[in-house]
Protein chains: 2
Amino acid sequence: MNDSAGRPAGGPAARPTLEEVAALAGVGRGTASRVINGSPRVSEKARTAVERAVAELGYVPNRAARALATSRTDAIALVVPEAETRLFSEPYFADIISGVSAELSRTQLQLLLVLVRDQREHERLSAYLRADRVDGVLLVAVHQDDPLPVMLEDLGIPAVLAGRRGEHEPLSYVAADNAGGARMAVRHLLRRGCRRIATVTGPLDMEGAQARLAGYRAALAESEAGTLPELVAVADFTESGGRAAMAELLEREPGVDAVFCASDVLAAGALQALRAAGRRVPQDVAVVGFDDSIVARHTDPPLTTVRQPTQEMGRAMVRQLLEQIAEPGRARRQLVMATELVVRDSA
Amino acid sequence: MNDSAGRPAGGPAARPTLEEVAALAGVGRGTASRVINGSPRVSEKARTAVERAVAELGYVPNRAARALATSRTDAIALVVPEAETRLFSEPYFADIISGVSAELSRTQLQLLLVLVRDQREHERLSAYLRADRVDGVLLVAVHQDDPLPVMLEDLGIPAVLAGRRGEHEPLSYVAADNAGGARMAVRHLLRRGCRRIATVTGPLDMEGAQARLAGYRAALAESEAGTLPELVAVADFTESGGRAAMAELLEREPGVDAVFCASDVLAAGALQALRAAGRRVPQDVAVVGFDDSIVARHTDPPLTTVRQPTQEMGRAMVRQLLEQIAEPGRARRQLVMATELVVRDSA
DNA sequence: AGGCAGCGTGGGAGCGCTCCCGAGGCGGTA
DNA sequence: TACCGCCTCGGGAGCGCTCCCACGCTGCCT
């Protein structure tokens with residue numbers, strides 16, 4: 001024996017099989033299998049014998065064989081549409097993954113990462129799913145017209161979305177309270193005395209962006225009998241989009257004294273436009289972002305922003321998915337998690 | 001269930017098997033298998049018949065069965081040590097993943113994401129690998145004393161590192177030219193006329209941090225017969241680390257007129273310390289970062305920094321891994337990729 | 001005409017596991 | 001003592017695929 005697994009020298013490291021474990025333990029294959037899968041219907045004697053044999057041989061079950069026999073794969077996929085690959089550079093995504101992975105590590109499940117960037121990859125994914133390659137799917141960054149959720153529904157594969165497509169999302173999801181967070185942000189601006197409050201929205205085919213806009217509107221409406229004007233500029237979630245939207249807003253409404261941006265990156269762009277226009281932040285125009293992403297701490301001035309419990313969202317998604325996998329017929333579950341205002345210097 | 005694959009209503013969408021495909025095509029299982037796996041030893045007639053049957057039934061091979069029969073899994077793992085989970089929020093990581101995924105999508109391989117955050121998870125990974133759960137491993141953010149690469153070597157599993165542990169890395173790797181990038185950065189500072197150039201390093205148990213320090217030293221040494229003083233402060237790769245290191249540097253060497261930071265996050269911290277000390281950037285002190293991460297564009301002023309071809313590195317890693325998987329005996333390959341200076345306002 | 005490659009083909013064996021059924025062993029009751 | 005029920009246990013069957021061997025056919029050489 002000259003390797004750490006204690007296998008005999010020479011041969012190409014053949015993994016021991018259940019059969020060999022059973023033989024060494026002096027029991028049958030069935031009993032060995034029961035022990036390994038934690039069935040209660042095993043005598044104490046048999047259990048310890050098998051456990052000893054497992055330890056001695058360094059036995060690890062062959063997943064492919066198990067998957068073939070059970071037609072479960074013990075794997076779930078985290079699917080990321082390509083358009084959102086930039087997501088990766090957001091703590092949002094890092095935290096989702098971190099939460100997912102943490103929750104998953106308590107189980108035997110594996111995490112498959114699937115990026116879908118074009119039609120070809122979409123079909124590839126579709127084939128995966130049809131072939132029962134995974135027990136469930138986690139889907140992030142859902143657009144309203146995304147074909148992926150529809151496909152998941154059709155296939156009847158357990159699935160949980162991060163975010164939702166609309167208020168009546170048929171699939172399970174975990175979402176942040178986007179409307180509430182936005183309202184909180186705008187209330188903060190109102191409290192500071194701002195009265196000409198604009199918003200730069202994200203792409204409105206995403207429910208999250210819509211909800212943030214709705215929250216903005218709700219805050220305005222509940223203040224001073226809704227007499228404050230709505231100042232809305234639509235952008236995508238990019239920095240240049242934020243810059244352009246803010247520039248347009250300044251032109252359209254020079255008296256603007258605050259802006260709620262639907263993301264930090266958007267806010268970073270808005271800050272650039274404000275600086276270019278010679279406005280001081282927060283003295284002339286107060287700015288609030290959303291996400292509490294890494295850029296929020298590094299802009300000048302650092303951004304006041306809305307934080308979502310992202311890591312916890314990742315964990316919750318996994319928990320929901322496991323429930324669905326364990327109990328396929330069960331009702332879909334929806335979970336909306338509270339957000340939190342992080343006050344820095346920009347508002 | 002009336003679904004788009006055109007299966008009969010009622011039953012729980014049973015996937016067709018090779019056997020059924022063969023039957024429908026009027027050939028044997030062997031022939032059907034050959035067609036599906038693109039073997040050339042098949043008549044044209046049989047090939048088209050099988051292809052028609054596959055299309056008609058919507059056949060997708062069962063991977064578990066294939067894996068069991070071939071003892072290959074058609075999956076590779078991307079392993080991320082937990083300490084580096086913050087990596088996720090770097091474009092570095094996003095680009096690595098993006099490159100990996102792009103290259104992988106040309107194959108049948110799946111990408112497993114494995115976060116290793118503690119001893120328990122380390123053992124779990126170890127069990128995975130021993131159980132032959134993956135055909136190969138991609139490992140990022142390697143520390144010098146990391147047990148993972150050692151384990152991979154012992155197990156003889158095909159593996160490629162992002163970065164290396166030292167100059168004589170026995171495993172295959174793809175790395176950026178860290179030393180070259182650093183030298184380039186410092187040369188840039190010299191060209192600007194800086195003469196008291198400091199550096200804030202990363203943790204020196206990472207070869208990348210060492211190499212950047214070496215590049216800094218090389219640039220100083222090759223200039224003016226090496227008469228310029230070395231001003232080194234060691235930090236970890238965090239913002240607060242950069243702030244502390246810079247503060248210390250200012251105290252130790254008040255005349256410092258430039259600082260090369262081993263990462264952008266470090267540089268962001270350094271900027272804070274400089275601002276706190278009343279130094280203007282770049283007029284009083286020029287600053288250069290490394291990575292061209294997302295923070296680099298958002299600091300005040302935006303950072304001059306060194307970019308690495310990260311996405312291409314991800315692709316290259318996959319290519320090397322595939323070679324190793326296809327040809328297990330082959331010599332390890334090492335690839336060092338050029339870096340590029342991105343000049344913004346901080347230097 | 002006979003023999004012999006060479007090719008395409010069919011199907012048996014087997015990958016390692018779980019599921020399940022029937023066989024015992026045991027204690028308790030009549 | 002005879003019988004019954006409950007548990008534990010062993011091992012056959014089978015999951016869907018690939019690998020490989022043996023078979024028959026064609027076409028060419030002797």
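Chain naming here is simple, since letters A, B, ... match the order of the sequence lines and numbering starts at 1 in each. Since we're looking at a predicted model, the values are computed, not measured.
The residue among B/A69 and A/G26 whose nearest nucleotide of DNA chain D lies closer to the 5′ end is A/G26.
Distance CZ (A/R47) to P (D/dC7): 16 Å, rounded to an integer number of Å. As rounded to whole Å, 14 Å separates atom P of C/dC17 from atom CD of A/Q108. If you measure from atom CD of B/E19 to atom P of D/dT18, you get 12 Å, rounded to the nearest angstrom. Remark: C1' of C/dG14 and CG of A/L18 are 16 Å apart, rounded to the nearest angstrom. The distance from atom CG of B/L68 to atom P of D/dG14 is 17 Å, rounded to the nearest whole Å. Between the P atom of C/dC17 and the CZ atom of B/R66 lies a distance of 21 Å, rounded to the nearest Å. Look at NZ on B/K45: it is 8 Å from P on C/dT9, rounded to the nearest Å. Counting to the nearest Å, the P atom of C/dG16 and the CG atom of A/L57 are 14 Å from each other.
Partner B/L129 forms a side chain to side chain contact (heavy atoms under 4.5 Å, CB included) with one of B/V79, B/L148, B/V134, B/V114 and no other, that one being B/V134. Tested against A/Y173 for a side-chain hydrogen bond (donor to acceptor under 3.5 Å, both in side chains), the candidates A/R165, A/R164, A/Q320 yield a single pass: A/R164.
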Exercise. Can you list the steps and then say if B/I325 with B/R72 is a side chain to side chain contact (heavy atoms under 4.5 Å, CB included)?
Worked result: CA-CA 10 Å; B/I325 291 171; B/R72 303 191 325 114; 4.3 Å; yes

For this session: Under the side chain to side chain contact (heavy atoms under 4.5 Å, CB included) rule, what do A/Q324 and A/V160 come out as? Steps first, then yes or no, please.
Result: CA-CA 9 Å; A/Q324 261 186 63; A/V160 178; 4.0 Å; yes

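Taken over five-pair windows at either terminus, the axes of the helix from C/dA1-D/dT30 to C/dA30-D/dT1 are inclined to one another by 60° (rounded to 10 degrees).
The closest side-chain heavy-atom distance from A/E44 to A/T48 is below 4.5 Å.
Between the B/T310 side chain and the B/I96 main chain, no donor and acceptor come within less than 3.5 Å of each other. Of the possible polar contacts, none joining the B/E20 side chain to the B/P16 backbone as a donor-acceptor pair under 3.5 Å is found.
At a threshold of 4.0 angstrom between heavy atoms, the contacts of A/A46 are confined to the sugar-phosphate backbone, with no base atom among them.
In terms of heavy-atom proximity, B/L321 sits nearest to B/G136 at CD2-C, 3.9 Å.
The stretch residues 28-44 of chain A touches DNA chain C through A/R29, A/S33, A/R34, A/N37, each having a heavy atom under 4.0 angstrom from the strand.
Under the side chain to side chain contact (heavy atoms under 4.5 Å, CB included) criterion, B/R124 pairs with A/S105, B/Y128, not counting sequence neighbours.
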